[in-house]
Amino acid sequence: MTETGDRVGLVCPSCSPGEETVHEVLKPGGQATVRCTDCGHTHKAEIPETETIDLTIVVSQGGDSFTTEMEVPAEGGVETGEEFVVDTEDALMQVRITGIELGPEHRVEDAAITSVETLWTRAVDNVAVDVTLHPKDGDADRTRSVRVNVPGDMEFVVGETVEFGDEEFTIEGLHIREDAPEYRHEKLDHAGDMAYAKDLKRMYGRDESLTAWSAW
């Protein structure tokens with residue numbers, strides 16, 4: 001049921017009589033009072049109620065995970081790789097579907113939303129990316145790993161030099177996650193190849209940090 005403060009798509013008689021815009025519900029009811037968020041016009045409109053279901057969602061972030069429930073429209077379908085916003089008690093989180101569970105040990109790539117028992121997801125608005133760094137002299141014994149925390153939509157390009165605090169390195173390779181949208185290859189290593197942080201399983205780079213290989 002629509003409640004005060006909800007946002008719905010409706011036509012606005014003032015600024016958009018032909019297409020829906022986002023409206024805020026000021027007073028719910030048969031003829032609800034709503035306000036267009038584009039132009040601020042307040043008017044009454046009938047809001048069609050959409051049948052909904054409660055969906056169990058498991059969110060993984062930085063090695064930890066938690067389970068939440070979310071009310072979603074009981075129509076349409078879902079598939080792995082899709083992204084949507086989860087409204088948790090603490091925050092709104094952008095997530096990507098990594099698994100669709102219809103029952104115990106029964107996972108599929110896509111399904112009608114009403115048949116889904118649990119959605120397994122990974123947070124992609126802010127992500128941690130593992131980076132393997134090797135020194136300029138090529139000594140494999142001195143290779144080390146670091147982790148950088150960045151926005152999920154941050155772009156990383158092979159050949160570019162980046163800095164994170166005391167760390168500075170030139171990107172030499174990008175290893176793409178299995179749940180990412182299609183890229184040219186699973187591993188990108190040509191100058192100019194680009195991937196978003198949320199799509200990276202690991203990044204490889206040449207260490208440019210001045211103090212990274214101090215003997216002391």
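Every heavy atom of this structure was used, including side-chain atoms; hydrogens, water molecules and symmetry mates were not.
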Taking a hydrophobic cluster as the set of Ile, Leu, Val, Met, Phe, Trp and Tyr residues connected by side-chain heavy atoms closer than 4.5 Å, whether directly or through intermediates, do Val146 and Met154 fall within one such cluster?
-> yes

Step-by-step side-chain hydrogen bond (donor to acceptor under 3.5 Å, both in side chains) determination, Thr88 to Thr68 | CA-CA 7 Å; Thr88 71; Thr68 188; over 6 Å; no

Sub-3.5 Å donor-acceptor pair from the side chain of Arg122 to the main-chain atoms of Lys198, do we have one?
-> yes

Quick one: pull up SG in Cys36 and CD in Glu24 and give me the separation to the nearest 0.5 Å.
-> 11.0 Å

Testing Thr121, Asp125, Asp179 for side-chain hydrogen bond (donor to acceptor under 3.5 Å, both in side chains) with Arg96, which one passes?
-> Asp179

Tell me, please, which residues at least two apart from Arg177 pass salt bridge (charged side-chain N to carboxylate O under 4.0 Å, His left out).
-> none

In terms of hydrophobic clustering (I, L, V, M, F, W, Y; side-chain heavy atoms under 4.5 Å; direct or indirect links), are Val72 and Ile57 co-clustered?
-> yes

Do Cys12 and Thr21 come within less than 4.5 Å of each other through their side chains, counting heavy atoms only?
-> yes

Residues 49-84 vs ring pair (Phe, Tyr, Trp, His ring centres under 6.0 Å), sequence neighbours excluded, gives none

Heavy-atom closest pair (Leu200 atom, Ala195 atom, distance to 0.1 Å) is CD2-CB, 3.8 Å

Heavy-atom distance under 4.5 Å between the side chains of Val34 and Ile47, does that happen here?
-> yes

What closest approach, in Å, do Ala123 and Met93 show between heavy atoms, and which atom pair accounts for it?
-> CB-CE, 3.7 Å

Full working for side chain to side chain contact (heavy atoms under 4.5 Å, CB included) between Trp120 and Ile97 = CA-CA 6 Å; Trp120 296 81; Ile97 300 173; over 6 Å; no

Do Leu133 and Leu188 belong together in a cluster built from hydrophobic side chains that touch within less than 4.5 Å?
-> yes

Give a yes or no on whether a salt bridge exists between Glu3 and Lys27, defined as a side-chain N under 4.0 angstrom from a carboxylate O.
-> no

Should Thr118 and Val58 count as side-chain neighbours, where that means a heavy-atom distance under 4.5 Å?
-> yes

Test log, rule side chain to side chain contact (heavy atoms under 4.5 Å, CB included), inputs Leu119 and Leu55 | CA-CA 8 Å; Leu119 278 185; Leu55 185 63; 3.4 Å; yes

For Gln61, enumerate each residue passing the side-chain hydrogen bond (donor to acceptor under 3.5 Å, both in side chains) test, keeping only those at least two apart in sequence or located in another chain.
-> none

The single option from Asp199, Asp189, Val158 passing side chain to side chain contact (heavy atoms under 4.5 Å, CB included) against Leu174 = Val158

At their closest point, which heavy atom of Thr132 faces which heavy atom of Ser145, and how far apart are they?
-> OG1-OG, 3.9 Å

Excluding sequence neighbours, so at least two apart, what forms side-chain contact (heavy atoms from CB on, under 4.5 Å) with Arg7?
-> Val22, Thr37

Which is it for Glu51 and Glu75 under the side chain to side chain contact (heavy atoms under 4.5 Å, CB included) test, yes or no, and what are the steps along the way?
-> CA-CA 8 Å; Glu51 184 181 353; Glu75 59 182 22; over 6 Å; no

Tell me the ring pair (Phe, Tyr, Trp, His ring centres under 6.0 Å) pairs involving residues 157-177, sequence neighbours left out?
-> none

Tyr196, OH: over 12 other non-hydrogen atoms inside 6.0 angstrom | no

Student check: side-chain heavy atoms of Arg184 and Asp193 closer than 4.5 Å | yes

Compare all side-chain heavy atoms of Lys201 with those of Ile176 and state whether any distance is below 4.5 angstrom.
-> no

Glu167 vs Arg144, salt bridge (charged side-chain N to carboxylate O under 4.0 Å, His left out): CA-CA, chis, key distance, verdict = CA-CA 12 Å; Glu167 303 291 349; Arg144 64 191 181 101; 2.7 Å; yes

Considering only heavy atoms from C-beta outward, does the side chain of Val131 approach that of Val148 to under 4.5 Å?
-> yes

Is it the case that more than 12 heavy atoms not belonging to Glu69 sit under 6.0 Å from its CD atom?
-> yes

Would a distance-only check, ignoring hydrogens and angles, find a side-chain to backbone donor-acceptor pair under 3.5 Å from Thr170 to Glu160?
-> no

Val85 reachable from Val8 in the ILVMFWY side-chain graph, under 4.5 Å edges | no

Step by step, work out the side chain to side chain contact (heavy atoms under 4.5 Å, CB included) result for Leu10 and His23.
-> CA-CA 6 Å; Leu10 298 168; His23 282 66; 3.8 Å; yes

What about Val95 and Val78, same hydrophobic cluster or not, with Ile/Leu/Val/Met/Phe/Trp/Tyr joined at side-chain heavy-atom distances under 4.5 Å?
-> yes

The reported gap from CD1 in Ile100 to CD in Glu117 (rounded to nearest 0.5 angstrom) is 13.0 Å

Which heavy atom in Gly40 sits nearest to a heavy atom in Arg35, and how many Å separate them?
-> O-CG, 3.5 Å

Please tabulate, for side-chain N and O atoms in residues 105-116, each donor-acceptor pair with protein atoms closer than 3.5 Å (sequence neighbours left out).
{"from": "Glu109", "atom 1": "OE1", "to": "Thr80", "atom 2": "OG1", "distance (Å)": "2.7"}
{"from": "Ser115", "atom 1": "OG", "to": "Ala112", "atom 2": "O", "distance (Å)": "2.8"}

Minimum side-chain heavy-atom gap Leu92-Val86 below 4.5 Å = no

Beyond-backbone contact of Ile171 with Met203, side-chain heavy atoms, under 4.5 angstrom | yes

Side chains of Glu168 and Thr161, donor plus acceptor under 3.5 Å | no

Over all atoms of both residues, closest heavy-atom pair of Thr4 and Pro28 = OG1-CD, 3.2 Å

Heavy-atom pair of closest approach, residues Val150 and Ala197 | CG2-CB, 3.6 Å

